[in-house]
Every structure is written in structure tokens, then in C-alpha cells.
Engineer: 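The structure's right below; bear with me while I get my questions together.
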Protein chains: 2
Amino acid sequence: MSAPQDTDSRKRLNREVVLQTALELVDSEGLEALSMRRLGQALDRDPMGLYRYAANRADLLDGITELVLNELAIFPTDPDWQAQLRRIAHDLRLLALRHPNVVPLLVTRPLSTPLGLRPLGTLRPLEQILGLLIEAGFEPNNALHVYRAYYGFLYGHILNELQEFIVDAEENVALLRLGLHRLPARDFPHLRELAPVLADYDGAAELDEGISILLSGLAERLTGRGVAAG
Amino acid sequence: MSAPQDTDSRKRLNREVVLQTALELVDSEGLEALSMRRLGQALDRDPMGLYRYAANRADLLDGITELVLNELAIFPTDPDWQAQLRRIAHDLRLLALRHPNVVPLLVTRPLSTPLGLRPLGTLRPLEQILGLLIEAGFEPNNALHVYRAYYGFLYGHILNELQEFIVDAEENVALLRLGLHRLPARDFPHLRELAPVLADYDGAAELDEGISILLSGLAERLTGRGVAAG
DNA sequence: TGGAATGCATCTACACCGTAGACTCTAGGC
DNA sequence: GCCTAGAGTCTACGGTGTAGATGCATTCCA
């Protein structure tokens, strides 16, 4: 016969293929749908075989976060650091909207691993943004401060936006109305009043405005002390 | 005999007691240690009995987040909204440091429930902060913008800080050094260089500075347009 | 050419999980 | 006395991650 069926579903495996289909599974069916057995089934393999490409389930999750973060492009030599940070912010936001089910991983995986032991791919953004800022003239110390404020805000915004986001726009309003109607009017007057505003959340604009405030504030504060960069 | 053993471990149950011990279990042994069986064991009850106080595991998790958020005090009538927001930020930060294992719940639970259907306790901060801002003179619309920027930044900071936080301070440095040493020097020059700075992260100061920037920026931007509040 | 060794795929098994459904037991009302 | 309602318990089902043994194919060396 021919070589062992490379045809169809049983192409040769490697870590990337495994992670990629794991990501697809998460994207389409949610995080809790990702089990070794389900993944094995998706790859038409024995579940045990996957342990060759991921030490355990946690490693699989780490791999997925790495895979997703690799989609984020950063150019550490761009002299216009503010523009660059702004672009990165929007890119990461879109990435999150493209993979909403992965966001919990993005924010929780690092909580259970000391910084230095994290998958390298997840540290790349940190390193590159530091590089960008230092290149732009910041003292390393201050670069770290800026990074923290910036990335903190960015992650916070993404979480915030996703918390208000529901898949279908129409259903969004409906569900919101439905849900909000449930709230006791006595205890939640403002929330109820703001229902229509809540319903059309322009995430990109809101993010952009926040970033503007933060960046100009940071730049001013740091250069005001005669420390660095512009 | 006496009444059915109220003595010792078998005090009368109610939802609060169940949630409280669940929280203790999570605090002391981590999120994944919280199973119906383990919790039943901690309460010296049959696991099935818990379903009287929590519809299912998800409801249990929601209850825990509610319990924790209830520890947060907000005074919506304080005229000094900036000071109030600043205090809340620090309080929430301390709350997170006191219950680090609960933080993943705080940030991920809302992702899987439309806003209006969330446990009321978790919506209280939103409602009260809106109240605070409106009381201070903001238009409801703008109050929502301020809330989003503020709360987003706050959550982002907490996540950021916890990601760098390791339980024992001494071990922190050791692990950091150990971990960072693992990083290829070629690819992570800045991260390695900043190791000592990373090691002593003054979270409160960093949070305070970010909040300052954000609040003054927000106030300026909004009042600059002649829209509201001081 | 005949092993021996090496790696991959598969199978079985164990301990755990959430929870549906049936069962027992107890307290109270009549 | 019995009846009912509800709380507590037990068993069982279908799922989970993963250790360890087993089968299979290939490659390497004598």
C-alpha cells in the first residue's frame, strides 16, 4: 500500500498543527470544549498521542496563548512610539475580538506561572515594547513604567469591552433589555437608564481615547521631570 | 439525644456559609481545588446536599465573586469623586491581593454572562460608581465613559501586578532570577537587564500614578468640552 | 541477514469530576 | 395514628487528565 494515510485528516502531526486545531476548537466551541479526547477526535488520533506534542493540558493552553500572541506584530524600531503603541493596542483589540474564547487564557495563564518561566512567545510583546520605548529615548526604568500603565490599560479595556459584548448585535440589545429589565429599579436606576448607551459601545473609539489620555499623560509626566523621550 | 449535631463542623447550612467556606477553600488551595466533593467534605456534608444552596458549580463560582465584591465599600454621595475613585482603586487592589486565587473569577465570569443576567452583587460597583459620577455632575453618558476607562485601567493594573507577583518575596527574586536566566540573552536583552527593577514592583505607587494620569486626563477632556464636573 | 534498539500509536485503567434521579429519614399537620 | 413535605443521602452515568503496559514499524549495527 501507499505510505500510512497522509490523505485527508491524517496528515503528519507536529506541535503547531496540534495547537492550531486546538485553537480552532476553542474558537468554535469554547474553552471547556477543549479536552484531550475531543482534540484527539478532531485530529483523528488517539488522545494519548497528543502528549507527544504537549506535556499536559496546561502546556496545551500555554501553547494556544503563544500561538495567538504570535499573531501580534510589533516593530521595535519605529521612532514614533506613540503611534506604534496606539496601533498595537488596536491590533490586540481586534485579535481579542477574533478569538474571544482565548481571552480568559491570555489573562489567567500568566497568573499561574512566574514571569521567567512563561512560554517565550508570551514574553515577546513585553520585550519588544520595552525595546520600542528604550529606542525612543526612555530610560529603561521609565520604559517599564510606561509599559505597565499601557499594557494594564489595554488588557483592562479588552476585558471590559468583551464583558459587554454579546455575539449577535440584535440579540445583544434584546438580551440587554431583557436582562436589565430584571434589575430592581430601586437599586439600579443608573444602569437601567443607560441601557441604550450600553447597547452601542464603540470599543475602538473608547480604547483610542483612553490610550490618548494615558500616553499624553505619561509623556508629559516623564518629560516634565526632564527624564526622557518625545 | 440532643438536636441533630449543631456541634462542631455540622452547623446549620445556608447559602452564605457554603459560599464562605468555598471562598476559604479557594483562598487556601486554589481554584481547581474547589469541587463539589471537596467542598462537601469541608462542610462535612454529602456533596449532593450543596445543590440546595447553589444550582450548579457555575452558580457557586458566581456566588464567590459576589461575596468578594461585597467586601468593597463605595460611597456614591461623596462629592470628591476623584478621591473616592482613588480610594476604591486601592481598596480593590488590596482585595485582589487578599484573594489572588479569586481574581481569575472576577475577570472571567462576566465574560460568560450577559451584563443584565449577572449576579446583582457584581453589578453593584458599576451602579454605584455611575451614581458617584452623576452625583458629581457628570452627564450620564460621560459618566459611563469615565467608568469604563477607570475600571478598565484598574482591572488591567491588578492583572498586571498579580502576574508579576509571587507569594514569597525572597523566593520572588530567586525565581525571577532563575527564570530570567533561562531566557536567551540574544532575544530578551531588555527583560534581562530590567530584572532587578521587575523584582521590586511597588504596585500601589504605580496604580496611584496611573489613576492620577487617567483621572486628570478624563476631567480635563470632559470639562474642556464644557460638558461636566469638577 | 538477523537481531536489537528505538521511537510512535494505541489500549487499558485509575482516580477524579458534575450532576440526574431514586431513595430514606425526619418533622410537622391533622 | 397516618400523611405529606422537605432535607439529606446514595448510586450511577458519562465525562475528564493522564500513568503505564502493550503492540507495531522502522532503523541501526554486527
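Order of the sequence lines fixes the chain letters, A, B, ..., with proteins taken first and strands second; residue numbering starts at 1 for each chain. These numbers come from the heavy atoms of this one structure, side chains and all, not from hydrogens, waters or symmetry mates. Here the structure is a predicted model, which is why all the values come from computation and not from measurement.
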Engineer: Check the distance between dT12(C)'s C1' and Asp46(A)'s CG and give it to me in whole angstrom.
Structural biologist: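 So the two atoms are 11 Å apart, to the nearest Å.
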
Engineer: Examine distances only and state if a side-chain atom of Gln163(A) and a backbone atom of Pro110(B) form a donor-acceptor pair shorter than 3.5 Å.
Structural biologist: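 Not at all, since once roles are kept as given, no pair shorter than 3.5 Å links the two residues.
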
Engineer: Rounded to whole Å, please give me the gap between CE in Met48(B) and C1' in dA7(D).
Structural biologist: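 So the CE-C1' distance, Met48(B) to dA7(D), works out to 14 Å.
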
Engineer: Determine whether Leu43(A) and Val17(A) make a side-chain contact, defined as any pair of heavy atoms from C-beta on separated by less than 4.5 Å.
Structural biologist: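 Side chain of Leu43(A) against side chain of Val17(A), heavy atoms only: contact under 4.5 Å found.
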
Engineer: Counting only side-chain nitrogens and oxygens, does Arg45(A) get under 4.0 Å of the OP1 or OP2 atom of dT10(C)?
Structural biologist: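 No.
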
Engineer: What residues form a side-chain contact (heavy atoms from CB on, under 4.5 Å) with Leu34(B), not counting sequence neighbours?
Structural biologist: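 With sequence neighbours excluded, Leu34(B) shows a side-chain contact (heavy atoms from CB on, under 4.5 Å) to Ala22(B), Leu25(B), Val26(B), Leu39(B), Arg57(B), Leu60(B), Leu61(B), Ile64(B), given in chain and number order.
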
Engineer: By the definition salt bridge (Lys or Arg N to Asp or Glu O under 4.0 Å), identify the one residue from Glu161(A), Glu209(A), Glu164(A) that meets it with Arg148(B).
Structural biologist: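 Single salt bridge (Lys or Arg N to Asp or Glu O under 4.0 Å) partner of Arg148(B) among Glu161(A), Glu209(A), Glu164(A): Glu164(A).
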
Engineer: Assess whether one donor atom and one acceptor atom, taken from the side chain of Arg37(A) and the base of dG15(D), lie less than 3.5 Å apart.
Structural biologist: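 Checked by distance alone, the answer is no.
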
Engineer: How many Å lie between CG on Leu43(A) and P on dA9(C), as a whole number?
Structural biologist: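 Roughly 11 Å, once rounded to whole Å.
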
Engineer: Grab the CG-P distance between Leu60(A) and dG17(D) for me, whole Å please.
Structural biologist: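 It is 9 Å, rounded to the nearest whole Å.
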
Engineer: Arg87(A) and Gln84(A): side-chain donor and acceptor closer than 3.5 Å?
Structural biologist: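 Short answer, yes.
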
Engineer: Measure the distance from CZ on Arg52(B) to P on dA20(C) and round it to the nearest whole Å.
Structural biologist: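 Whole-Å distance recorded here is 14 Å.
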
Engineer: Nearest whole Å is fine: how far is dA15(C) P from Arg38(B) CZ?
Structural biologist: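 Distance check: Arg38(B) CZ to dA15(C) P gives 17 Å.
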
Engineer: Would you please confirm or rule out a distance under 4.0 Å between OP1 or OP2 of dC8(C) and any side-chain N or O of Tyr53(A)?
Structural biologist: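 No, outside the criterion.
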
Engineer: How many Å lie between CD on Gln41(B) and C1' on dT9(D), as a whole number?
Structural biologist: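 To the nearest whole Å, that distance equals 16 Å.
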
Engineer: Between P on dA20(C) and CZ on Arg57(B), what's the gap in Å once rounded to a whole number?
Structural biologist: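 Spelled out: CZ on Arg57(B) to P on dA20(C) is 15 Å.
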
Engineer: Taking salt bridge (Lys or Arg N to Asp or Glu O under 4.0 Å) as the criterion, tell me which of Arg118(A), Arg15(A), Arg52(A) meets it with Asp59(A).
Structural biologist: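 The option that passes is Arg15(A).
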
Engineer: So do Asp187(A) and Glu127(B) actually touch side chain to side chain, heavy atoms under 4.5 Å?
Structural biologist: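 No - every pair of side-chain heavy atoms lies 4.5 Å or more apart.
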
Engineer: Using a strict heavy-atom distance below 4.0 Å, which residues from residues 29-36 of chain B are in contact with DNA chain D?
Structural biologist: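 Nucleic-acid contacts, sorted: none.
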
